[in-house]
Number of protein chains: 2
Amino acid sequence: MKYNSTLCEALLESHEIKPTANRILVLRTLAEARQPLSLSELECEMLSVDRSSVFRVLTLFREHHLVHVLEDGSDSVRYELCHSTDGHEHDDDQHVHFYCEQCQQTFCITDVPIPTVSLPDGYVLESVNYMAKGLCPRCALRKEKGR
Amino acid sequence: MKYNSTLCEALLESHEIKPTANRILVLRTLAEARQPLSLSELECEMLSVDRSSVFRVLTLFREHHLVHVLEDGSDSVRYELCHSTDGHEHDDDQHVHFYCEQCQQTFCITDVPIPTVSLPDGYVLESVNYMAKGLCPRCALRKEKGR
DNA sequence: CAACCTTTGCAACCCAGTTGCACGAAATCC
DNA sequence: GGATTTCGTGCAACTGGGTTGCAAAGGTTG
């Protein structure tokens, strides 16, 4: 999906975030990435913006349920746009992610929803992080044929 | 389960790890904890052992499939004993974990196995991290009744 | 016992994430 | 419209988990 500035502004405002230049930029970068990005990756993608600003924008987005974080074990969390259709509070598109232990990339398996489990009494569920790990198709193939 | 030194030594040797004082200590601490522990928690639990030594022991254990790591998003990974019955390579007891966003503890839901998903062609699955998040029973209760 | 390898503690380092502060821009108030 | 407050940002410094280099301690082997 192509995100122009106007679209980004609208999205920000629908989440009650005042659209500033930095915020639009971060949102666009996230939206156009096919994979969840880490703070450092975002930083590299937008050299004009300071690391701490990116961080603060992300924190803001998180509070307003515009992005969610996921831990892939590469000891830097990654950020991904929420694609909830109702726009708020709960994500309805929580899907499985795959972390390649070879190339260290994290892939969205968008068409596989996270299977739910029934927890023991008392637990109040908010969200689920489902991270499958192993080899991505490319690395698996490369490994198979010698290297 | 109660772990005495002899039992620990046997377990270490069955994983082809030479039993040293530190290793036995780390193993016992992990075994007797009802919850996965972080590096820092382990360190506090065993003040006599240096941080880096604990780290190296854990790394060794990981390589020998004696422990596995899990990411709960509290930006420090936690370590948990593998309870595989065959003792090697693949865990057969991978279960769901629950991270309480209030008290920041991670609970093992040992009787709930991780549901499997079918990945697109090409992906080679090694392991899965299933982390449910929300409020643990105690925090949920406390929140419900005012505070 | 001497030569060797392994394990350990200490200190230093790395790096992601985070915070304090001060400046500049934007919104608000006479 | 200008003064005042609030908000957003960049810079620099800090934090804390994780990691590594090195040298001393301990154990092993001939």
Side-chain angles (χ1 to χ4, degrees), chain A residues 5 8-9 12-13 15-30 36-64 66-80 99 101 104-106, chain B residues 5 8-9 12-13 15-30 36-64 66-80 99 101 104-106:
Chain A
S5 302
C8 285
E9 284 185 46
L12 286 173
E13 274 162 0
H15 283 262
E16 289 164 333
I17 299 171
K18 202 196 310 177
T20 68
N22 280 353
R23 292 171 186 171
I24 294 173
L25 199 50
V26 171
L27 176 55
R28 258 176 79 171
T29 311
L30 275 177
L37 299 177
S38 69
L39 179 57
S40 314
E41 285 164 355
L42 276 166
E43 195 191 356
C44 296
E45 206 74 25
M46 315 177 300
L47 292 170
S48 62
V49 187
D50 184 73
R51 175 184 204 69
S52 64
S53 298
V54 179
F55 173 73
R56 279 188 272 238
V57 168
L58 287 171
T59 308
L60 186 71
F61 283 7
R62 228 191 314 182
E63 287 164 4
H64 289 254
L66 184 52
V67 302
H68 50 236
V69 299
L70 37 112
E71 303 98 34
D72 55 16
S74 72
D75 76 4
S76 70
V77 295
R78 288 175 188 286
Y79 299 84
E80 178 180 53
Y99 175 71
E101 284 161 342
Q104 264 130 288
Q105 286 191 68
T106 299
Chain B
S5 303
C8 286
E9 284 185 44
L12 287 172
E13 273 162 0
H15 283 261
E16 290 164 331
I17 299 170
K18 201 194 314 176
T20 68
N22 278 354
R23 291 171 187 172
I24 293 173
L25 199 51
V26 172
L27 178 54
R28 257 176 80 171
T29 311
L30 275 177
L37 299 177
S38 69
L39 179 57
S40 314
E41 285 164 355
L42 277 165
E43 195 191 356
C44 295
E45 206 74 23
M46 317 176 299
L47 293 170
S48 62
V49 187
D50 185 74
R51 176 185 203 70
S52 65
S53 299
V54 179
F55 173 73
R56 279 188 272 237
V57 167
L58 287 171
T59 309
L60 187 71
F61 284 6
R62 229 191 317 181
E63 286 163 5
H64 289 253
L66 184 52
V67 302
H68 50 237
V69 299
L70 37 112
E71 302 99 34
D72 56 15
S74 72
D75 78 1
S76 69
V77 296
R78 300 188 121 80
Y79 300 85
E80 177 180 54
Y99 176 71
E101 285 162 341
Q104 263 130 287
Q105 286 190 69
T106 299

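Treat the numbers as computed from the prediction; the structure is a model and nothing was measured. Protein chains get the first letters and strands the later ones, always in sequence-line order, with residue 1 at the start of each.
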Side-chain donor/acceptor of A:Arg23 to backbone N/O of A:Lys18, under 3.5 Å: yes
Hey, does the side chain of A:Thr20 come within less than 4.0 Å of D:dC7's phosphate (OP1/OP2), counting only N and O? no
In whole angstrom, give the distance that lies between atom OH of B:Tyr79 and atom P of D:dG17. 12 Å
Base, sugar-phosphate, or nothing for B:Ser53, non-hydrogen atoms under 4.0 angstrom? base
Evaluate the side-chain proximity of A:Tyr99 to A:Gln104: yes if any heavy-atom separation is below 4.5 Å, no if none is. yes
5'-most contact on DNA chain C (nearest-nucleotide basis), B:Arg23 vs B:Ser52, goes to B:Arg23
Touch class at under 4.0 angstrom, heavy-atom based, for A:Ser74 against every strand present: nothing
Can you tell me which residue among B:Val26, B:Thr29, B:Val54, B:Leu42 is in a side-chain contact (heavy atoms from CB on, under 4.5 Å) with B:Val49? B:Val54
Does A:Phe61 reach the side chain of A:His15, with side-chain heavy atoms less than 4.5 Å apart? no
Whole angstroms only, please: what is the CD-P distance between B:Glu43 and D:dG16? 12 Å
What is the distance, rounded to the nearest whole Å, between atom CD1 of B:Ile24 and atom P of C:dT8? 10 Å
B:Leu42 has an atom CG; how far is it from atom P of D:dG17, in whole Å? 13 Å
Rounded interatomic separation in angstrom, taking CZ from B:Arg78 and P from D:dG17: 11 Å
Rounded to whole Å, please give me the gap between CG in A:Leu12 and P in D:dG8. 12 Å
Between D:dC11, C:dT8, C:dG17, which one does the side chain of A:Phe55 approach most closely? C:dG17
Protein-nucleotide distance (B:Glu63, atom CD; C:dT6, atom C1'), rounded to Å: 15 Å
Tell me, with the steps shown, if B:Leu25 and B:Ser48 meet side-chain contact (heavy atoms from CB on, under 4.5 Å). CA-CA 10 Å; B:Leu25 199 51; B:Ser48 62; 4.2 Å; yes
Nearest-angstrom distance from the residue atom CZ of A:Arg51 to C1' of D:dC14: 13 Å
Need to verify one output field. Residue with the more 5' nearest nucleotide on DNA chain D, B:Ser76 or A:Val54? A:Val54
For A:Ser40, report the nucleic acid contact type (base, sugar-phosphate, nothing); a contact means any heavy atom under 4.0 Å. sugar-phosphate
On a plain distance test, is the side chain of A:Arg56 in donor-acceptor contact with the base of D:dG10 below 3.5 Å? yes
